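All values derive from a computational prediction rather than experimental measurement. Any value given below was found using the heavy atoms of this structure, including those in side chains, with hydrogens, waters and symmetry copies removed.
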Amino acid sequence: MNVNNIDLLLRNNTGNKDKNNLIESFVIRTKPFTNIFNEIKLSKTDKPEQNYLVIGQRGAGKTTLLYRLKYAIEDDPILKQTTIPVMFAEEQYHLMDLVNLWESIAEYLEDHDGFQSLSKEIESTDLSHAHREERVYELLEKKLLSNNKKIIVFIENIDVFFKKIGVPGQKRLREVLTTSTSIRLICSATTYFDGVISYSDPFYEFFKIVRLDGLNKAESKKLLLKLGEQKNELQQIQNIVE
């Protein structure tokens, strides 16, 4: 294995793995994972919770971190009874506005007990109604409360979605996140962006920022050796590292 093959291996290591392989290979970014997950476990049931924005360059491990959090929630014996992680893939071309977001969440939830009729209820709402988004959201929130469930929505490249919904949509989403006890957001972006950087932006100082900086020498070695082990090329990787 040469250096170019290692680069390819790293770039393909971003959430394409199955659950068990991703968990096994999760040997870096453990501190931000532990911090976020512990805060999730300490969440209260009677108030809106902290929302997170993970910032890091492409290949920094944002996708892997989000998936690791999703799997940890699913596997926790207590959390899985009350919390449903809703994961949106990196490219979500169909998410054009908040109505699309609520509808997509409803479709995702249909695989869980108590939510089978939600999409039909949403489909029955008047498409031309001036306040359809509010109505669709109310149906979603009501169903979550009646089932005593919370959702954590994972969205990658949130800056792209923010650009689509514009400032009015961002203000509305912030209103939802600051009042709902059932919905919280963990999202990612490659850098700071319009919507969060200026005092006048709707999400200025709203998210708890988690920065994924470049790996140090020890972290790089640990990751490479784990990937080599999984690919049955540990000795080759050891030789290159040395």
Sub-4.5 Å side-chain heavy-atom contact between [X] and [Y]:
| X | Y | value |
| --- | --- | --- |
| Ile151 | Tyr108 | no |
| Lys80 | Asp75 | no |
| Ser104 | His94 | yes |
| Arg68 | Arg29 | no |

Q. So, for Phe26 and Phe33, is the gap between ring centers shorter than 6.0 Å?
A.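 Yes, ring centres under 6.0 Å apart.
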
Step by step, would you call Tyr67 with Thr64 a side chain to side chain contact (heavy atoms under 4.5 Å, CB included)?
CA-CA 5 Å; Tyr67 270 94; Thr64 304; 5.9 Å; no

Enter the distance from [X]:[atom1] to [Y]:[atom2] here, rounded to the nearest 0.5 Å.
| X | Y | atom1 | atom2 | answer |
| --- | --- | --- | --- | --- |
| Ile73 | Leu79 | CD1 | CG | 6.5 Å |
| Tyr52 | Leu69 | OH | CG | 9.5 Å |
| Lys163 | Asn157 | NZ | CG | 11.0 Å |

| task | Taking atom CG of Asn35 as the centre, report whether more than 12 heavy atoms of other residues, nucleotides or ligands fall under 6.0 Å from it. | result |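 Correct, the count exceeds 12.
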
- Item | Heavy atoms of other groups near Asp113 CG, more than 12 under 6.0 Å |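 No - once you tally the heavy atoms of other residues, nucleotides and ligands closer than 6.0 Å, there are 12 at most.
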
What residues form a salt bridge (Lys or Arg N to Asp or Glu O under 4.0 Å) with Glu49, not counting sequence neighbours?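 In terms of salt bridge (Lys or Arg N to Asp or Glu O under 4.0 Å), with neighbours along the sequence ignored, Glu49 is linked to Lys47.
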
- Item | Sequence-distant partners of Lys149, salt bridge (Lys or Arg N to Asp or Glu O under 4.0 Å), two or more places apart |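 By the salt bridge (Lys or Arg N to Asp or Glu O under 4.0 Å) rule, Lys149 matches no residue at all.
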
With side-chain contact (heavy atoms from CB on, under 4.5 Å) as the test, pick out the partner of Val54 among Ile209, Leu212, Thr63.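 Only one option passes, and that is Leu212.
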
Side-chain donor or acceptor of Glu110 paired with backbone N/O of Ala106 under 3.5 Å: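 Pair absent, no side-chain N/O of Glu110 close to backbone of Ala106.
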
Practice prompt. Could you tell me whether a side-chain N or O of Lys62 sits under 3.5 Å from a main-chain N or O of Gln57, the two making a donor and an acceptor?
Written response: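 Checked: pair present.
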
ask   = Any idea which heavy atoms bring Phe203 and Gln170 closest together, and the distance?
value =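 That closest heavy-atom pairing would be CE1-O, 3.2 Å.
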
Practice task
Kindly indicate whether a cation-pi arrangement holds for Arg211 with Tyr192, taking the cut-offs as under 6.0 Å to the six-membered ring centre and within 45° of the axis.
Solution key: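 Judged by the rule, Arg211 and Tyr192 form no cation-pi pair.
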
Exercise. Any luck finding a side-chain donor-acceptor pair between Thr125 and Arg135 under 3.5 Å?
Worked result: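 Short answer, no.
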
Just say parallel, tilted or perpendicular for the rings of Phe193 and Phe162, cut-offs at 30° and 60°.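 Ring orientation of Phe193 relative to Phe162: perpendicular.
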
Asn21: what forms a side-chain contact (heavy atoms from CB on, under 4.5 Å) with it, not counting sequence neighbours?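 With sequence neighbours excluded, Asn21 shows a side-chain contact (heavy atoms from CB on, under 4.5 Å) to Lys17, Asp18, Glu24, Gln230, given in chain and number order.
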
